[in-house]
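As structure tokens, the structure follows; a few thoughts come after it.
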Amino acid sequence: MYTSQAHINIPEMIRKKRDKQSLSAEEIHYFVQGVTKQTIQDCQIGAMLMAIRLQGMTQEEAVNLTQEMKTSGVVLEWPKEWSSIIVDKHSTGGVGDKVSLVLVPALAACGCKVPMISGRGLGHTGGTLDKLESIPGFNINKSPEEVKQILATVGCCIVGQTPDLVPADKKLYTIRDITSTVDSLPLIAGSILSKKGAESLAALILDVKFGEGALYKDINGARELAQYLVYVGNRLGIQTAAVLSKMDNPIGRCIGNSLEVIESIECLKGKGPKDLEELVTCLGGHLLHMCEKAGSFKAGEEDIKDMLQNGCALGKFQAMLVAQGVTADLAKALCRGEEVLRHTVKQEELKAAAGGVVQAIHSLPLAKVLHELGAGCTQSDQPVNWSVGIELLKTVGDHVNKGDPWIRIHFEDPSLSESQKALLQHSLVIGEKVETGPLVTEIIQVQSQGEKRHNCPA
Ligand code: IUR
């Protein structure tokens, strides 16, 4: 599209952005190509990112940036007949967030195609890929051809990012991380939506979390990010909507890779914790409605619930495991509820220091302790211990008596220390009563005249 770019130079582009001027589509193309082909220097990339972080971008620039990042590598292609049913979700992440493990097969059971490209955990506990890798044999590395094959037979897969998919993001993210420019709306949108764009999706649902355990502590920041992502996603040609969900406590009762797989399987049998099922059905209901597999959001929610109750979602999960390298016998045993995942050698329960009603369980201290015990990715090459984890024996709203065990920690080496036990004990908040409401408080959808938000239908 762009032929001669002799008139463009990077220092001039950095100056323009520094002085709050807009970059043309051609300049953004030149910058992203330079990042991808490594023809511009890291210090210039850092300077440009800081200028963007400080001066922002117009919506037009953000759309152009995302589009250029998307096409910096391979863009997946699908058979024409799938064009309206290729769907995915993205979450801003939270402690105990195992929604993808349940939602992806449930959507496939409803007839969608879900080529989820997921990530690893950054600090804290593991990401979706770490959770799945706690299942012996599970292979996250699949070529675009293999992904297409799995979608044709099973309907869903969860794989890792390959080096040829959005290479510009890998480079930009690394430099954002070391230049304090991660928290920039156009850069976040470019990063998240270029990867979803490269999946050539028909519809995308975003789960943007707010609260004590989330990136945004209050709803306003989360709403601003959600509106921005919804706008850019739709401009990219993906039907995009977002839900704002509360993240004050861990999701479900299990945290840690293999424990979260086991809890996800319970949810795939319709026997999961209420909060996890609520998120899965809400996100799935919206996606089914958006891609016209369901006549309304409510009908979509019912379809997802049915697939959890009738075993179809679990069947898809089992088939996905086999398609991604798990032996048929192990996949079957795991889905039957047999204890085939590795256990830790040691477990310890802590007892409630007072009686009353559980008002909150702060998730960040739990994640910190688990990280220290080896459950999460570390900067170093230390391997993840997939069986390290926490079970919450009591959850928000439960009544506890003084001395009741409320948490069980699964650990090995290193051992659980006294200071870690004290940190965990402080994360339990007990009072006289608690008021709980729905996790999802708002939906952000795009309308022709701009973003529109309304409360979640009851
Ligand atoms: N996840 C991404 O893929 N990119 C980002 O910039 C952030 C989260 I923040």
Side-chain angles (χ1 to χ4, degrees), residues 32 35-36 45-46 48-50 52-54 56-57 61-63 65-76 88-95 97 99-100 115-131 140 158-199 201 204-211 213-217 221-233 236 238 240 242-245 247 283 364 367 376-377 379:
V32 174
V35 169
T36 310
I45 301 174
M48 177 63 93
L49 292 174
M50 185 56 81
I52 294 171
R53 164 67 181 80
L54 294 176
M57 280 186 139
E61 285 177 291
V63 170
L65 175 69
T66 311
Q67 183 66 31
E68 288 298 338
M69 288 174 70
K70 167 185 143 178
T71 52
S72 67
V74 169
V75 175
L76 301 179
D88 198 0
K89 78 113 195 175
H90 175 85
S91 161
T92 57
V95 177
D97 187 351
V99 166
S100 296
M116 179 175 272
I117 296 170
S118 194
R120 294 195 180 277
L122 297 168
H124 295 334
T125 52
T128 298
L129 297 181
D130 302 295
K131 294 170 208 211
I140 61 156
I158 303 179
V159 297
Q161 197 181 344
T162 53
D164 53 357
L165 206 104
V166 198
D169 178 57
K170 196 164 176 14
K171 182 74 186 173
L172 288 175
Y173 196 89
T174 306
I175 299 187
R176 281 167 66 202
D177 204 28
I178 56 171
T179 55
S180 288
T181 53
V182 169
D183 61 341
S184 149
L185 286 183
L187 298 179
I188 294 173
S191 172
I192 293 173
L193 296 172
S194 59
K195 287 175 282 196
K196 294 300 174 190
E199 289 178 24
L201 299 176
L204 171 66
I205 189 83
L206 302 158
D207 180 10
V208 181
K209 298 190 180 294
F210 65 95
L215 181 66
Y216 292 98
K217 304 298 164 214
R223 185 184 292 129
E224 196 187 358
L225 173 64
Q227 288 174 339
Y228 204 95
L229 291 170
V230 166
Y231 176 82
V232 176
L236 240 62
I238 307 169
T240 309
V243 303
L244 303 184
S245 69
M247 180 69 214
L283 296 168
L364 292 182
C377 263
Q379 304 287 47

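In each ligand, atom 1 is the first atom listed, and ligand 1 is the first ligand listed. Small disclaimer: the values here were computed from a predicted structure and weren't measured.
- Residue Ser191 has at least one heavy-atom neighbour below 4.0 Å for each of these atoms of ligand 1: 2 (C), 3 (O), 4 (N), 5 (C), 6 (O).
- When all heavy atoms of Ala198 and Val166 are compared, the pair lying nearest together is CB-CG2, 3.9 Å.
- Those atoms of ligand 1 that come under 4.0 Å of a heavy atom in Ile192, given as number and element, are 1 (N), 2 (C), 3 (O), 4 (N).
- Using a distance-only test at 3.5 Å, with no hydrogens or angles considered, no donor-acceptor pair links the side chain of Ser194 to the main chain of Met69.
- Between the side chain of Asp207 and the backbone N or O of Lys209 there is no donor-acceptor pair closer than 3.5 Å.
- Backbone and side-chain nitrogen or oxygen atoms of Lys195 are examined, and one is located within less than 3.5 angstrom of a nitrogen or oxygen of ligand 1.
- Judged by distance alone, with hydrogens and angles left aside, the side-chain atoms of Ser191 form no donor-acceptor pair with the main-chain N or O of Leu187 at under 3.5 Å.
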